[in-house]
Structures are given as structure tokens and as C-alpha cells.
Amino acid sequence: MCGIIGIVGRTEVATALYDGLTVLQHRGQDAAGIATVDGSRLRLHRGPGLVRDVFSAQDMRDLRGHAGIGHCRYPTAGAESSEEAQPFYVNSPYGIAFAHNGNLINTEALRREMFEDDRRHINTDSDSEVLLNILAHELQIQERHQLTPDHLFKAVAGVHARAKGGYACIALILDYGLLAFRDPHGIRPLVLGERMTPSGKEVAVASESVAFDILGFKRLRDIAPGEAVFIDFDGNIHSRRCAEGAVHAPCIFEYVYLARPDSMIEDVSVYKARLRMGEKLAAKILREWPDHDIDAVIPIPDTSRTAGSTLAAAIGVPFREGFVKNRYIGRTFIMPGQGERARSVRRKLNPIPLEFRGKNVLLVDDSIVRGTTSKQIVQMAREAGANKVYFASAAPPVRYPNVYGIDMPAANELIAHGRSVEEIRQYIGADWLIYQDLEDLREAVAEGNESLKHFDDSCFSGQYVTGVDPGYFEQIELVRSDEAKAHRRSA
């Protein structure tokens, strides 16, 4: 999961791109970058760290131009060094800057094709650079004197025919405009917006609509699965569906955890979806434990707060803020390495003893992935004086790796893989544990948009909408497990 944004404006866009990235920062804390077009010259600055730390005042002054793209990175397979900070750039054909959110599952086969058939060298381990070079190659083979939207859409169709996985991409093409496209299943999100200024219409694309809110853009719609949108430097929008027949299956974990609650994805309010998750989970609690002795519902901030509020109301129990969050510690889920995640939990959360002392508390979290964070939080509640500590997950058990851009790599690092709910309860040290049912989660999201019939819920169900080649899970475990990452960092 990464954050991407692109703007074709009438005036300088670097500041707007920077501001947009700051509200997409929750999607990636590892690196950031901006590329702009200044006449026929591309200007690019990128580096490791948070958005606020990557760009100096001089960097922003140097990023001149009326069109540009930005990226904040969350590393998955092979994207951990500063060299993999995006946007990437190739100078042929035309000069293309490129930013990508997602993950390909046939990267190694494509890398071989790039070298053996396309005669293109891939300089990093990032699948984003592979995608960029596929796009560049598909543009290169178009017969043309002048690049047209039709040529661009044929090139994107060629990308879809070769790439397999989840991806949302934006490309800045010198002398032409901005190209945005989404994988045929629409796994990763991408939205289109516009605003009117005294100088004329400006157009933007972004991972989440919340980026438009801060910039004053109006959300027009989601870019459709398999669709490509080309925005020329005059602000004219051209679009075409470049892949047909695939099942539309947006990532359901966006609604559970990844996206900000003030975003709209697939015409569904993330906030409202989380409210419904709490209602569904409350109904299950009342079915399974109607005579519960819960004294208070306490969310684990921030993503579970919304679901926790409706859960508490539905079971008739006070909703209390029992943990204070340190705003200067990043999202622990997307931190590299279990050691760093574990150390950050106590730096990030501090309990309020008055809300725990002598009470039977139900802690609500958005999900349980590795289980070590949940275990620490249960212990913190006991140390704060709780009589009994119950635990509820607004998502089903995460039993399978995610292969489309979320860092849930090795199955043996997932606490629910191969374990019963009772075994998980014992591991985290809770007195009682309850999970959301998968069908209830699907209904909670789909209620906001009746046209949504399918989701990528592979980390819960083990069903992968793209299919997965034999040996792939073993391959990603070798490069994406915490042990593998620690080995590379030490090397």
C-alpha cells in the first residue's frame, strides 16, 4: 500500500502535491517523492522518510511546473532501500515519471521478459520499475508520428495483458500529459477529481478522495477497473476501458484499516462502512453471549474507534477512551520489522488507569495480524487494573498472506494461520476473543454500494482473484518475511 497523487494544473503544482501527500501519509511512511514537468524538462526529488522530512524549502522551489505526480512509499517485496523511492523515471520513449501503488505477482517472469525480449534493464528489485518499463516498451512499439490517446490506451492494454496483480499507477509523460490506470480487478483504489480556478480547470487523480478535500478538488468518480485516464496539459480528460471481463474486486482491507475514515472508495464512505462493522460485530456478541458482563468498550485508537462506538451502543455498554495515542509515532502495522513494531506499541499507546481499574473491558481493534501487538495491549490493560480483558476484532481472522500490496507476507507470521480462535485467545492472553464473520464484513461494506458484489478478501478467505502460481508463496516468504528483511538490513 502506497499513496499516489497526480495533478494537471494551470499554475505551479508542487505545493499542492506536497499537501496531498501529507494527507496520504498514512499509506506509507518509508519514503516520498515528487516529479514535475517544467516545459520540456522533468524535475524530480525523492528520498527516505516522511513527506515533511524529504522536501526542503529549496527542493520545493526547484520543483517547478504546472503538472506533476507524487508518491509516499510503504515497502513490500524488494522495495526497502532509498533507491526504490518513487517516482521512477525512464528517458525513452519521451521521458516518463511513474508512481505505483500495489504489488505484482509475476514480477520475476516479467523481469526476465524485460531483459530477454524487450532488451530493457531493470536496475532495482522494485516491481514498480518493472511496470514502468513495461509501459515504456508498450509505448515504444506503437506506430506513430504523434502520440495520441489511442496510442496510450493501446499501451495500457498491453500492460494489462502482461502484468498480474493489484496496481494503481500514474505516469507523467513529457510534452503530453498525465496517464492514470488501474488493474483489471480494481484491487487498489484510484479516484479522479477536478476543480475550477480563475485560470481554468485543473484535474487530479489520487489514491483516496481525502487528498481532494484538502486541495479543494471535487471528487468526480473512481477510475474503473481496467480503465485508463489520460489528462493532457490543457486539462482535457480522455478515458477508455483497456481490459474487459475481469471480476471487479476492490480490496476490503482498505475499509478495515488502510484508508482514512473521511475517504470515499467505490462510492462507499469508509467511515460508514466501519460504523456498520461495529453493528455487525455487536449483533454477533449478543447472539453468542447475551448475558455478557462487559462494563466498558475501549477502542484501540485510531482505526477501531468508529466500529467500537456503534458496537458499544448496540450492546448497551459505555464507550470509553482508555488509551491515549502518541501522535508522533507512525502506524505500527506498516513499520519494517517485528522488533520495531513491538517497541513502538508502548511508545504509541498509554492507558488511562481509571478506565480499566476493577472493570471487565472489551478492547476493540480493527484486526489482528501478527498477534504480538494485541498481546502487548492486553497486558497493558491488565497492568492498568482491568478485572477481565476481552478482545474483539472488527475483521475476520487473517489466515493467509496478502499478495496485492499489503505487508502480510509469510503465513507463519500470521497468528491466525493454522490456529483456532481459542488458541489465538490463549496467545494474546485475553479472557474472551471474538472475530467478525467474513460475510458480515462483506455486507458492511457493500451496503454502501449495491453494485459491489465481490471483494479481494484473500487474507481472510484464501481466495485470490488473480490466481497464484505454484511456489509463489514460498518465493515471497523468502524476500518479505521479517526474518528476510532483518537479514538484508544487517547485510
Side-chain angles (χ1 to χ4, degrees), residues 256-257 261 271 273-325 332 345-346 348-399 415-416 419-441 443-444 460:
V256 171
Y257 173 82
Y271 175 75
R274 290 177 184 167
L275 289 176
R276 292 189 289 266
M277 289 175 205
E279 293 168 351
K280 298 281 188 183
L281 188 53
K284 183 177 180 181
I285 291 173
L286 294 175
R287 286 195 309 270
E288 296 194 0
W289 194 14
D291 56 345
H292 66 80
D293 61 353
I294 301 168
D295 296 318
V297 171
I298 295 177
I300 298 167
D302 281 325
T303 45
S304 61
R305 184 174 282 126
T306 308
S309 65
T310 50
L311 187 158
I315 67 173
V317 169
F319 178 75
R320 294 288 185 262
E321 296 286 352
F323 293 100
V324 175
K325 180 180 177 181
T332 53
V345 173
R346 288 187 180 260
K348 182 177 181 178
L349 297 177
N350 192 50
I352 302 173
L354 288 175
E355 295 298 344
F356 291 94
R357 197 169 297 147
K359 296 179 181 178
N360 299 334
V361 297
L362 176 64
L363 305 182
V364 181
D365 207 351
D366 52 78
S367 58
I368 305 172
V369 180
R370 295 168 177 88
T372 49
T373 296
S374 303
K375 184 176 184 177
Q376 282 189 288
I377 291 172
V378 169
Q379 183 60 34
M380 289 166 66
R382 294 199 188 280
E383 291 170 359
N387 179 39
K388 291 184 179 179
V389 181
Y390 309 130
F391 206 99
S393 169
V398 178
R399 300 191 185 277
I415 186 62
R419 293 184 177 90
S420 67
V421 173
E422 173 59 20
E423 288 172 327
I424 301 167
R425 181 198 68 76
Q426 292 177 12
Y427 176 83
I428 68 173
D431 294 293
W432 184 66
L433 172 63
I434 190 166
Y435 280 98
Q436 184 88 266
D437 288 336
L438 180 54
E439 191 54 42
D440 283 345
L441 176 61
E443 290 178 2
F460 307 124

- [ ] Compare all side-chain heavy atoms of Phe323 with those of Ile298 and state whether any distance is below 4.5 angstrom.
- [x] yes
Task: Heavy-atom check, side chain of Val369 versus side chain of Ile415, under 4.5 Å - done: no
Open item on the list: Holding to salt bridge (charged side-chain N to carboxylate O under 4.0 Å, His left out), I want the full list of residues that pass it with Glu423, two or more places apart in sequence or in another chain.
Closed with: none
Task: Residue list, side-chain contact (heavy atoms from CB on, under 4.5 Å) with Thr306, at least two apart or on another chain - done: Tyr271, Arg274, Leu275
Task: Heavy-atom closest pair, residues Ile315 and Ala282 - done: CG2-CB, 3.8 Å
Task: Criterion side-chain contact (heavy atoms from CB on, under 4.5 Å) on Phe460 and Arg399, from CA distance to verdict - done: CA-CA 6 Å; Phe460 307 124; Arg399 300 191 185 277; over 6 Å; no
Open item on the list: salt bridge (charged side-chain N to carboxylate O under 4.0 Å, His left out), that's the test. Do Glu443 and Arg276 meet it? Break it down for me.
Closed with: CA-CA 9 Å; Glu443 290 178 2; Arg276 292 189 289 266; over 6 Å; no
Task: Side-chain ion pair, Glu383 and Arg346, N-O less than 4.0 Å - done: yes
Task: Flag side-chain contact, heavy atom, 4.5 Å: Ile368 against Tyr435 - done: yes
- [ ] Measure across Phe319 and Ser309 and return the closest heavy-atom pair with its distance rounded to 0.1 Å.
- [x] CE1-N, 3.5 Å
Open item on the list: Among residues at least two apart in sequence or on other chains, which ones pass side-chain hydrogen bond (donor to acceptor under 3.5 Å, both in side chains) with Arg425?
Closed with: Glu422
Task: Heavy-atom donor-acceptor pair, Gln436 side chain to Met277 backbone, under 3.5 Å - done: yes
Open item on the list: Could you report the tightest heavy-atom contact between Val256 and Ser367, atom names first, then the distance?
Closed with: CG1-CB, 4.4 Å
Open item on the list: Is it the case that the side chain of Ser304 and the backbone of Val364 share a donor-acceptor pair, with hydrogens and angles ignored and the cut-off at 3.5 Å?
Closed with: yes
Task: Lys/Arg-Asp/Glu bridge criterion (N-O < 4.0 Å) met for Lys284, Asp440 - done: no
Task: Which atom of Leu349 lies closest to which atom of Pro301, heavy atoms considered - done: CD2-CG, 3.7 Å
- [ ] Compare all side-chain heavy atoms of Asp295 with those of Val317 and state whether any distance is below 4.5 angstrom.
- [x] no
Open item on the list: I'd like to know whether Ile285 forms a side-chain contact (heavy atoms from CB on, under 4.5 Å) with Leu311, so could you lay out the CA-CA distance, the side-chain angles of the two residues, the decisive distance to 0.1 Å, and finally the verdict.
Closed with: CA-CA 9 Å; Ile285 291 173; Leu311 187 158; 4.0 Å; yes
Show me the donor-acceptor pairs within less than 3.5 Å that the side chains of residues 353-363 make with the rest of the protein, sequence neighbours left out.
unit_1, atom_1, unit_2, atom_2, d
Glu355, OE1, Lys359, NZ, 3.4
Asn360, OD1, Asn387, ND2, 2.8
Asn360, OD1, Lys388, N, 3.4
Asn360, ND2, Asp293, O, 3.2
Asn360, ND2, Asp293, OD2, 3.2

Task: side-chain hydrogen bond (donor to acceptor under 3.5 Å, both in side chains) partners of Glu279, counting only residues at least two apart - done: none
Task: From CA spacing to verdict: side-chain contact (heavy atoms from CB on, under 4.5 Å), Phe391, Ile434 - done: CA-CA 7 Å; Phe391 206 99; Ile434 190 166; over 6 Å; no
- [ ] Mind running side-chain contact (heavy atoms from CB on, under 4.5 Å) on Arg305 and Ile300 for me, showing each step along the way?
- [x] CA-CA 7 Å; Arg305 184 174 282 126; Ile300 298 167; over 6 Å; no
Task: Residue pairs passing the ring pair (Phe, Tyr, Trp, His ring centres under 6.0 Å) test where at least one lies in residues 283-313, sequence neighbours excluded - done: Trp289-Tyr390, Trp289-Trp432
Task: Within-4.5 Å side-chain heavy-atom neighbours: Pro396 and Leu441 - done: yes
TODO: Could you tell me which non-hydrogen atom of Gly429 sits nearest to which non-hydrogen atom of Arg382, and how far apart they are?
DONE: O-NH2, 2.7 Å
- [ ] Please report the closest heavy-atom contact between Ala307 and Thr310, naming both atoms and the distance.
- [x] O-OG1, 3.1 Å
